[in-house]
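Order of the sequence lines fixes the chain letters, A, B, ..., with proteins taken first and strands second; residue numbering starts at 1 for each chain. Because the structure is a prediction, the values reported are computed rather than measured.
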Amino acid sequence: MAARLSSRREKFRGLSPAEFFYKNREIAGFSNPVRALYQTIRELVENALDATETHGILPEIKVNIKPLENDHVFVRVEDNGIGIPPTEIPIVFGRVFYGSKYQLRQTRGVFGLGVKMAVLYAQITTGKPLKVVSTQNKSKYEYEFEIQIDIAHNMPIIKNMAIREKTFPHGTIVELITEGNWTLARRKIESYLERTAMIAPYATIVLEELDSKKEYRRVSKVLPPPPETGKYHPKGADLELVKNMIRRSKKSLTLMKFLMENFDGVGKKTAENFLTWAGFDPETKLSKLTLQDIEILVRKMKEYEKWRRPKPITLSPVGESLLKQGVKRILNPSYVTAVTRPPSSFGGNPFIVEVALAYGGNVPQSDTPTLYRFANRIPLLYDEGADVSRKVISSIDWSIYKVKFPAPLAIVTHICSTKIPFKGVGKEAIAEVPEVEKELEIAIREAARRLRRHLSKLEKLYEVKRRKTIIGKYIPEVSRALAYVSNLDEKVLAKKLQTMLEKDIKTRGVINVPAA
Amino acid sequence: MSPRRRRKSQSAAPSEEEVLRILEKWGQSLTEQILKNRYPTLEIPVRTLSNTIWDKKRKILVLGPKKARRSFFDVGEAKRFMQTVLMLSIIVRARREGDYPTIRDLYYTGKHTIYYVDEMGRRRSEETWNDQRESNAVIQDIEVATGLLREHMGIMHDAKGKIVGNVIIRSKGYDIDLSRLGSGAYAVPPNVDKLEIRRVDADYVLVVEKDAIFERLNEEEFWRKHNCVLITGKGQPDRSTRRITRRLWEEFGLPVYVLTDADSYGFYIYSVYRSGSISLSYESERLATPEARFLGVTVTDITEYKIPRNYIIKATDRDIKRAQELLRYPWFKESKAWIEQLKLFIKKKEKVEIEALSGHGFKFLTQTYIPEKIKQRKWIV
């Protein structure tokens, strides 16, 4: 994505970035009023989460949506994040620009571009300015801005600004009026927030609509450790990135030093071996490199097989325990298990696959497993049929795990990576990268094996309970018949048989069995 | 002619008191198991083909030694256990109160609904038995387990056998002369063992498959002219027809001749009189007549008696299949004559009815065929 956008920018040199993005809004998911409203909420909520969980704050997010006249919709998203310094507020919301990407870590959004798209889209469709209120922990004040974007010059226009004593400790409130079809987008938005609550059990999320309020209270006070920042792996670098790195480096740097400083897992020896293999002199100065040299260098970096594996420190999986809590909170199943795989990589990009499996309880009956997909903790709601998770799930013969469809089975897949291998520009489906596919299958099968063990146990318990019913229901009949034949009191025989049955059930080790 | 001397029966029926005592003792053994905190368990001889044995010496089918243990605490057997003791209690009641219910009476008496709460907490119900097959099956279980026939237990069934001849029986205090019934015949009652056979003045027993032939022979008074006892079971014989046939053979030493159609079904009917049926092999000792002789119509009779072509029927595939099955039965297998007959039947694929003998005139059967075959010992066994 980064490379594609960057190279396009060159072609559209005549346009301002704001103009470019508006003209290509479908790339960012603003293709129609339904998608646009959904995307707006998504961008604002993801920003709110990034402002909280990444900084060790338990998220408290309020979303307020009111449909207005003429397909206009009022949207307000409030968080308890770190807040934004007043000097940066206009730039953050009112100027489309490219963030530096020399450092790398797993984030929900890339560049923070999405939120600017939302602002831009609102401004174009309704002409109403954006309102932001923000305060930081250390500040005594809160700052309120009304901002619009000067599209042609890609500059924020501050319509209004106010400073006052703060009314909340820290956080940001964003309000905008945008065009959107609330009726049609409503279900998607609700399900997006529900799924966000599932992947982030430590977050409290409130959705206030015109006529209803839905609150997901946090079920955990544990935050997953935030990702550390790391360097790119040489295999995962592209031409544009390397060119930018070289531009920012001292020209007197040797090629060997350049590799060691800028890339993950590259020491002196590795750099030397690679450069020799690739036909470069390790001592070559950066200033001597031609564009052609750089192209060869990048190609060889991708081809080289002896790099060290990428370090996964840049990743932040949710973890088995939190994932289970999140699934329980939303699906309330009778059984849940989670698997977090060890880190792996594709093409120099580290990734981790996490899977949760929920069975029974409130999980709806369905002819195939119900799938909940996440990438870097973002719920993926569209294009499920094209997603690698669906492909893996469909390829599994569930009967070997004792699952008979229709079954109350739900599967949650979470892929975290510094580069999610999305299929196409919609960023809603993950491509069939063999490494990812393999990890998914291992994780899903492991979870399925645990489910099978659980179901076998349940079956056995159920069997014993059934035994008690079957024998128990005939006791009165048998007692009556034999008591008549033997001239005895039937109560004596019934009591004997009942006691024998209770004892028999007890030796089978079951007292209470949960309903299947 | 002097009456036949009576021999001692090997298969005499137990008295009513004895029957009740056996049934009560059987039930009591289950009650005692429960009182001793043991899982009540029935032992019932298995009534399947695999446990049916051909007793070569006695020439009857008998039940093998295999027994099934039916524990009330076995989930798969609990219902059948309940059904068995339920049926036992109904039969014991009938014996204690001197009632004679039919098997259908027993079915209705025991049929009722059991209400219970299942393992999922749902209120449910089920019938003690759903159809008469189920109640009949437990009656058979009780028969094999106690060694009592249902007739001994006072259980009635549709009896369809008929008998006529120089025989005097005593039933309920009345002497009945079976040679003084005019055009009618005596209907064999369900419990033949309650009859006393007082006097038999005959040379042999002729069992005919078909009622119509029986009526014809009776109307001609064939039995008087040839000094025999005439019996029919109207097709597949019931237990009482087989029992009275056996008693005449066992107690009075009369040879028994069986006359059926020349087809697989006729042959099998003969085999039931002679050796017993597979499903009721436990009764063979009382019901089978191991020395019964097959008088005809044989497959070779078709050519020997020059039966006209228009009386010959083409055998169906089912006839042939049945004949092939018969070839595998031990009592057919050990008879050279039968192997020859059955193989010929399979080869020629032709069958005839008894009535085919009328091709030589209506009197041919009674005046020529039957007397000639007996006199010339042209039966097969």
Handout entry: Spatial distance of atom OG (A:S486) from atom CG (B:L30) [nearest 0.5 Å]
Key = 8.0 Å

Practice task
Answer with side chain, backbone, both or neither: which region of B:L35 has an atom nearer than 4.5 Å to a non-hydrogen atom of chain A?
Solution key: both

Exercise for the section: Counting only heavy atoms closer than 4.5 Å, note whether A:L488 contacts chain B via side chain, backbone, both or neither. Expected result: side chain

Exercise for the section: Assess A:R467 against B:F73: is NZ or CZ under 6.0 Å from the centre of the six-membered ring, and within 45 degrees of the ring's axis? Expected result: no

Handout entry: Pairwise side-chain contact, B:R124 with A:K473, heavy-atom cut-off 4.5 Å (strictly under)
Key = no

Handout entry: Option that, when pairs with chain A are counted at under 4.5 Å, heavy atom only, ranks first among B:R96, B:K79, B:E126, B:Q83
Key = B:R96

Exercise for the section: Tell me, for B:L86 versus chain A, whether the close heavy atoms (under 4.5 Å) come from the side chain, the backbone, both or neither. Expected result: both

Handout entry: Selection from A:I471, A:I470, A:V492 maximising heavy-atom pairs under 4.5 Å formed with chain B
Key = A:I471

Fill in the blank from the handout: When rounded to the nearest 0.5 Å, the distance separating NZ of B:K36 from NZ of A:K496 is 11.5 Å

Problem - Distance (rounded to the nearest 0.5 Å) between B:D118 CG and A:R466 CZ - result: 10.0 Å

Problem - Residue among B:T31, B:L88, B:V117, B:T128 with most heavy-atom pairs under 4.5 Å to chain A - result: B:T31

Completion exercise
Of the listed B:R38, B:K25, B:H112, the one with the largest count of heavy-atom pairs under 4.5 Å with chain A is B:H112

Practice task
Taking the side chain as every heavy atom from C-beta outward, state whether B:F81 and A:Y474 have any pair of such atoms under 4.5 Å apart.
Solution key: no

Practice task
Could you tell me whether B:R69 atom CZ has more than 12 heavy atoms of other residues or ligands within 6.0 Å of it?
Solution key: no

Exercise for the section: Tell me, yes or no, whether the heavy-atom count around A:R187 atom CZ, taken from other residues, nucleotides or ligands under 6.0 Å, exceeds 12. Expected result: no

Handout entry: Flag if over 12 foreign heavy atoms under 6.0 Å of NZ, B:K67
Key = no

Handout entry: Residues, nucleotides or ligands: over 12 heavy atoms within 6.0 Å of B:D158 CG
Key = no

Problem - CG-CD distance between A:N487 and B:Q28, expressed to the nearest 0.5 angstrom - result: 8.5 Å

Exercise for the section: Side-chain contact test, heavy atoms from C-beta onward, threshold under 4.5 Å: evaluate it for A:V485 versus B:W26 and give yes or no. Expected result: no

Practice task
Any chance you could measure B:R122, atom CZ, to A:T469, atom OG1, to the nearest 0.5 Å?
Solution key: 10.0 Å

Practice task
Would you indicate whether the side-chain heavy atoms of B:M82 and A:P476 approach each other to under 4.5 Å?
Solution key: no

Problem - Test item: A:L497 and B:P40 side chains (from C-beta on) under 4.5 Å apart, heavy atoms - result: yes

Problem - Segment of B:Y39 engaging chain A (4.5 angstrom heavy-atom cut-off) - result: both

